[in-house]
Amino acid sequence: MSPKAVKLPQAFYLHSDVVEISLRLLGKVLATNIDGKLTAGIIVETEAYAGHRDRASHAWKGSPTGRTEIMYRAGGLSYVYLIYGMHVLFNVVTNKAGIPDAVLIRAIEPTDGVEVMLDRRKMTSLKPALTNGPGKLTKALGIDLSFYGLSLTGDKIWIEDRGLRIPESEIESGVRIGVDYAGEHAKRPWRFWIKGNPFVSK
DNA sequence: TCAGCGATTAACT
DNA sequence: GTTAATCGCTGAA
């Protein structure tokens with residue numbers, strides 16, 4: 001962690017408005033430290049999933065069991081799962097215990113450990129394709145299913161504030177991706193990204 | 001038990 | 001623009 005960085009405290013994740021947290025996470029830095037290898041990047045794209053109120057959420061109909069159990073806990077944990085049998089997606093659990101809200105991190109802009117990330121992605125030069133998608137950034141940061149349920153206030157994975165502030169005029173919002181099955185809920189503009197950032201997913 | 005499918009990506013035509 | 005890769009969860013038998 002660089003000198004001016006401040007790790008976000010658990011209180012940050014307990015906020016009751018998952019949309020508000022999604023906005024505030026833009027410009028923050030997601031970091032992992034695996035076997036002494038530090039990798040990190042600025043969060044440039046997020047999506048809000050508002051638990052039981054939101055049909056697009058994994059926790060829509062369901063009880064606190066199986067893979068969604070972690071979302072019912074108090075905020076500040078990581079919710080990691082496998083999609084299409086091959087891609088790992090990373091979410092931040094928010095809100096207080098009993099309310100399964102989460103924020104999906106869809107894209108980051110690499111800042112630390114670029115060499116390590118390139119190696120993990122089997123790439124040779126820094127291009128947006130390194131981290132401009134939810135399955136890509138997890139691979140670059142070395143996040144896998146073993147990160148399920150880890151605390152974001154620990155020392156293996158965390159989110160820190162480096163003082164970067166994204167003005168509201170630099171944030172764009174839109175419809176979430178890949179959740180067409182959710183009917184009307186799919187139309188809610190709960191996807192947020194930093195305007196013009198080349199690392200935002202397509 | 002077991003078939004079907006998803007908050008995706010990369011490699012095709 | 002289309003499609004294969006690949007696995008844990010879900011719902012139906």
Side-chain angles (χ1 to χ4, degrees), chain A residues 13 17-23 25-26 30 41 43-73 75 77-95 99-110 117-150 152 157 159 172-194 198-202:
Chain A
Y13 304 102
D17 185 352
V18 66
V19 172
E20 171 75 19
I21 294 179
S22 300
L23 288 168
L25 281 176
L26 291 174
L30 174 63
I43 297 171
V44 298
E45 184 176 1
T46 62
E47 272 184 28
Y49 286 86
H52 56 283
R53 303 196 309 274
D54 182 2
R55 193 178 154 196
S57 168
H58 288 160
W60 166 241
K61 47 188 171 192
S63 44
T65 57
R67 70 172 173 176
T68 62
E69 186 270 338
I70 209 72
M71 287 202 283
Y72 289 82
R73 309 255 200 112
L77 301 177
S78 75
Y79 168 46
V80 174
Y81 73 96
L82 192 64
I83 189 70
Y84 297 112
M86 55 180 66
H87 299 296
V88 178
L89 271 65
F90 170 75
N91 300 254
V92 176
V93 176
T94 70
N95 217 324
I99 303 179
D101 287 0
V103 179
L104 169 68
I105 307 301
R106 291 194 56 88
I108 65 171
E109 177 180 335
M117 290 194 250
L118 288 173
D119 187 51
R120 286 174 181 150
R121 294 271 292 131
K122 294 185 169 42
M123 291 172 64
T124 52
S125 63
L126 178 55
K127 291 178 288 199
L130 181 64
T131 55
N132 69 346
K136 300 177 187 178
L137 74 90
T138 55
K139 190 165 186 184
L141 291 175
I143 297 171
D144 60 28
L145 295 182
S146 72
F147 283 68
Y148 177 87
L150 287 188
L152 296 176
I157 181 169
I159 299 175
E172 270 186 294
S173 63
V175 170
R176 288 174 295 180
I177 294 174
V179 293
D180 295 343
Y181 62 86
E184 284 299 309
H185 293 171
K187 298 191 180 68
R188 296 186 188 183
W190 282 356
R191 172 172 168 246
F192 308 99
W193 65 94
I194 297 177
F199 290 90
V200 169
S201 68
K202 287 173 284 198

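Per chain, numbering begins at 1; letters A, B, ... match sequence-line order. Not measured: the values here are computed from a predicted model.
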Give every pair of a protein N or O atom and an N or O atom of nucleotides 11-13 of chain B that lie under 3.5 Å apart, one pair per line with the distance.
none

When rounded to the nearest Å, what value does the distance between [atom1] atoms of [N] and [M] take?
N	M	atom1	answer
B:dA10	C:dG8	C1'	22 Å
B:dG4	C:dA4	P	16 Å
C:dT3	B:dC5	C1'	15 Å

Atom [atom1] of [X] to atom [atom2] of [N]: distance rounded to whole Å?
X	N	atom1	atom2	result
A:Leu137	B:dT8	CG	P	12 Å
A:Ile105	B:dT8	CD1	P	14 Å
A:Lys139	B:dT8	NZ	P	16 Å
A:His58	B:dC5	NE2	C1'	11 Å
A:Glu47	B:dT8	CD	C1'	12 Å
A:Ile83	B:dG4	CD1	C1'	13 Å

> Distance check: side-chain N/O of A:Arg121 vs OP1/OP2 of B:dA10, anything under 4.0 Å?
Replying inline: yes
Residues in side-chain contact (heavy atoms from CB on, under 4.5 Å) contact with [X], at least two apart in sequence or another chain:
X	value
A:Ala56	A:Tyr49, A:Asp54, A:Arg176, A:Val179, A:Ala182
A:Ala107	A:Val44, A:Glu45
A:Thr46	A:Ser22, A:Leu25, A:Leu26, A:Ile43, A:Val103, A:Ile105, A:Phe192

>> Run the side-chain hydrogen bond (donor to acceptor under 3.5 Å, both in side chains) test against A:Asp144 and tell me which residues pass, sequence neighbours left out.
In response: A:Ser146
> Which residues satisfy the side-chain hydrogen bond (donor to acceptor under 3.5 Å, both in side chains) test with A:Thr124, sequence neighbours excluded?
Replying inline: none
> Checking side chain to side chain contact (heavy atoms under 4.5 Å, CB included) for the pair A:Leu89/A:Thr138: CA distance, chi angles, key distance, verdict?
Replying inline: CA-CA 6 Å; A:Leu89 271 65; A:Thr138 55; 5.5 Å; no
>> Please determine whether side chain to side chain contact (heavy atoms under 4.5 Å, CB included) holds for the pair A:Val18 and A:Asn95, giving the CA-CA distance in whole Å, both sets of side-chain angles, and the decisive distance to 0.1 Å.
In response: CA-CA 7 Å; A:Val18 66; A:Asn95 217 324; 6.0 Å; no
> Looking at residues 84-94 of chain A, who's got a heavy atom less than 4.0 Å off DNA chain C?
Replying inline: A:Tyr84, A:Gly85, A:Met86
>> Please determine whether side chain to side chain contact (heavy atoms under 4.5 Å, CB included) holds for the pair A:Lys139 and A:Thr131, giving the CA-CA distance in whole Å, both sets of side-chain angles, and the decisive distance to 0.1 Å.
In response: CA-CA 8 Å; A:Lys139 190 165 186 184; A:Thr131 55; over 6 Å; no
>> Just to be sure I understand the rule, does A:Arg191 reach a base, reach only the sugar-phosphate, or reach nothing, if contact means heavy atoms closer than 4.0 Å?
In response: nothing
> At under 4.0 Å between heavy atoms, what does A:Arg176 touch on the DNA or RNA strands: base, sugar-phosphate, or nothing?
Replying inline: nothing
>> Donor-acceptor pair, distance only, cut-off 3.5 Å: does the side chain of A:Arg121 make one with the backbone of A:Ala129?
In response: yes
>> Going by the rule ring-ring contact (aromatic ring centres under 6.0 Å, His included), which residues pair with A:Tyr81 if we only count those two or more places apart in sequence or in a different chain?
In response: A:His58, A:Tyr79
> Can you tell me how far the CZ atom of A:Arg106 sits from the CG atom of A:Asn132, to the nearest 0.5 Å?
Replying inline: 10.0 Å
> At what distance, to the nearest 0.5 angstrom, does CG of A:Leu77 lie from OH of A:Tyr72?
Replying inline: 15.0 Å
> Do A:Ile108 and A:Leu141 pass the side chain to side chain contact (heavy atoms under 4.5 Å, CB included) test, and can you show the C-alpha distance, the side-chain angles, and the key distance before you say yes or no?
Replying inline: CA-CA 10 Å; A:Ile108 65 171; A:Leu141 291 175; 3.9 Å; yes
>> Among residues 128-136 of chain A, which ones have heavy-atom contacts with DNA chain B below 4.0 Å?
In response: A:Gly133, A:Pro134, A:Gly135, A:Lys136
> First and last nucleotide of DNA chain C in contact with chain A, 5' to 3', at under 4.0 Å to a heavy atom: what are they?
Replying inline: C:dA5 to C:dG11
> Starting at the 5' end of DNA chain B, what dot-bracket string do you get if Watson-Crick and G-U pairs under 3.5 Å are bracketed, crossing pairs use [ ], other-strand pairs use | and unpaired bases use dots?
Replying inline: ||||||.|||||.
> Does the side chain of A:Tyr148 come within less than 4.5 Å of A:Glu69's, by heavy atoms?
Replying inline: yes
> Quick one: salt bridge (charged side-chain N to carboxylate O under 4.0 Å, His left out) partners of A:Glu172, sequence neighbours excluded?
Replying inline: none
